[in-house]
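All values below come from the heavy atoms of this structure, side chains included, with hydrogens, waters and symmetry mates left out. Given the structure is predicted, the values throughout are model-derived calculations rather than measurements. Just so we're on the same page: letters track the sequence lines, and every chain starts at 1.
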Number of protein chains: 2
Amino acid sequence: MKKKIFIDNKPLNCPSQLKAIHDTMDLLNGKWKITIIGCLNFGNKRFMDLQREVTGIGAKMLSKELQELEINGLVSRTVLNTKPVTVEYAITAYGETLRPILREMANWGQHHRSKVKASLNGGKPG
Amino acid sequence: MKKKIFIDNKPLNCPSQLKAIHDTMDLLNGKWKITIIGCLNFGNKRFMDLQREVTGIGAKMLSKELQELEINGLVSRTVLNTKPVTVEYAITAYGETLRPILREMANWGQHHRSKVKASLNGGKPG
DNA sequence: GATATGGGTTTCCTTTTGGAAAGTAGTTTC
DNA sequence: GAAACTACTTTCCAAAAGGAAACCCATATC
């Protein structure tokens, strides 16, 4: 019999575990969310800062992604009393609880990247 | 100055870290991949088994998702010498290295779910 | 009043994703 | 040779995602 993957003593296909994973994926989906979170980790940013730093994103997508991140409590939005008005975005404490996931994804992705490279170079040696 | 999230001594927005996270997300994207992986963790499965167990998936999507998982080395495909021909899908050893990510995502998702529930019930108490 | 900056929203369009149903192909069963 | 089973692939369509450009509102500048 094939061995199974267990998470907290439950097999991974336990429906509640799969649902939980889907919930997490839903919050991080879209083309830009992780890049935005990464950008904000470097410090609080205003809308235009983000648009400049997140290469390629348009105002519409930036606005939409920020709204979703805010609704989910991962990013905060603060209107500053400046002239003209500026808006500051920041990672929340809750957003920082994503760190373990991001760490594991970064680790795995780097490992995967070097594995892919190796198989391109050495897959058919000689 | 706002504190930053660090992963292995690098700030999360380090481009290579973000790229690695994107790589990982790309492999797990789509509506069904995680469910398929979860299903296969319960044991090897044939095409029709998967179509029965992954509720709601159609043959086209199942085929496509399995191909992508196979290309990325997460799932193996074995044609068995039966009549009629059957095909067995299984998680690879490499696919099992996703476990830490899946564990963190399951943990976070469950925490998130209970937090959302709590805020629905107790957000405005009394 | 024309222009610029900040922070968006709206419109229109294309691309991508995903689903239902039918078709393909090999083999066995009747 | 018609039907059924496994394992897909193809076609056709609808919905969602995403992008470019224009537009809106406020303030300030020239």
>> How many whole angstroms separate atom CG of B/L66 from atom P of D/dC8?
In response: 8 Å

> B/V87 has a side chain; which of C/dG8, D/dC8, D/dG19 sits nearest to it?
Replying inline: D/dC8

> Would you call A/E88 and A/K45 a salt bridge, using N to O less than 4.0 angstrom?
Replying inline: no

>> I need the CG-P distance between A/L62 and C/dT10, as an integer number of Å.
In response: 16 Å

>> Given B/D23, which partner from the list A/H111, A/R113, A/Q110 fulfils the side chain to side chain donor-acceptor pair (under 3.5 Å) test?
In response: A/R113

> In whole angstroms, how far is the C1' atom of D/dA7 from the CG atom of B/D49?
Replying inline: 12 Å

> Of the nucleotides D/dC8, D/dA28, C/dG8, which one has an atom closest to the side chain of B/A59?
Replying inline: D/dC8

>> Rounded to whole Å, please give me the gap between CE in A/M61 and P in C/dT10.
In response: 15 Å

> Mind checking whether A/H112 and B/Y94 have parallel, tilted or perpendicular rings, split at 30° and 60°?
Replying inline: parallel

> Under 4.0 Å between a side-chain N/O of B/Y89 and OP1 or OP2 of D/dT6, yes or no?
Replying inline: no

> Contact class for B/Q67 vs. all strands (heavy atom < 4.0 Å): base, sugar-phosphate, or nothing?
Replying inline: sugar-phosphate

> Any donor-acceptor pair under 3.5 Å linking the side chain of A/T24 with the backbone of B/W108?
Replying inline: no

>> From the set D/dG18, C/dT27, C/dG18, return the single nucleotide nearest to any side-chain atom of B/K83.
In response: C/dT27

>> What I'd like to find out is whether the side chain of B/L50 reaches to under 4.5 Å of the side chain of B/L40, using heavy atoms alone.
In response: yes

> Taking atom C1' of C/dT17 as reference, at what distance in whole Å does atom CD of B/E68 sit?
Replying inline: 11 Å

> Any idea which of C/dG6, D/dA7, C/dT9 is nearest the A/P84 side chain?
Replying inline: C/dG6

>> Is there a path of hydrophobic side-chain contacts, each under 4.5 Å between heavy atoms of I/L/V/M/F/W/Y residues, joining A/V79 to A/L62?
In response: yes

>> Output the rounded distance in Å from CD (A/Q51) to C1' (D/dG19).
In response: 12 Å

> If you find the nucleotide of DNA chain D closest to B/K64 and the one closest to B/R52, which residue's nucleotide is nearer the 5' end?
Replying inline: B/R52

> For the side chain of A/M48, counting heavy atoms from C-beta on, which of C/dG8, C/dG7, D/dG19 is nearest?
Replying inline: C/dG7

> In whole Å, what is the span from the NZ atom of B/K31 to the P atom of D/dA17?
Replying inline: 11 Å

> Is the shortest side-chain N/O distance from B/R46 to OP1 or OP2 of D/dC8 below 4.0 Å?
Replying inline: no

>> Any base atoms under 4.0 Å from B/K60, or only sugar-phosphate, or nothing? Heavy atoms, all strands.
In response: base

> Atom CD of A/E88 to atom C1' of C/dG8: distance rounded to whole Å?
Replying inline: 17 Å

> Which residue, A/G56 or B/R77, contacts DNA chain D at a nucleotide closer to its 5' end, judged by nearest heavy atom?
Replying inline: B/R77

> Does B/S63 place a side-chain N or O at less than 4.0 Å from the phosphate oxygens OP1/OP2 of D/dC8?
Replying inline: no

> In terms of side-chain heavy atoms of B/T86, which of D/dG19, D/dA7, C/dA20 is nearest?
Replying inline: D/dA7

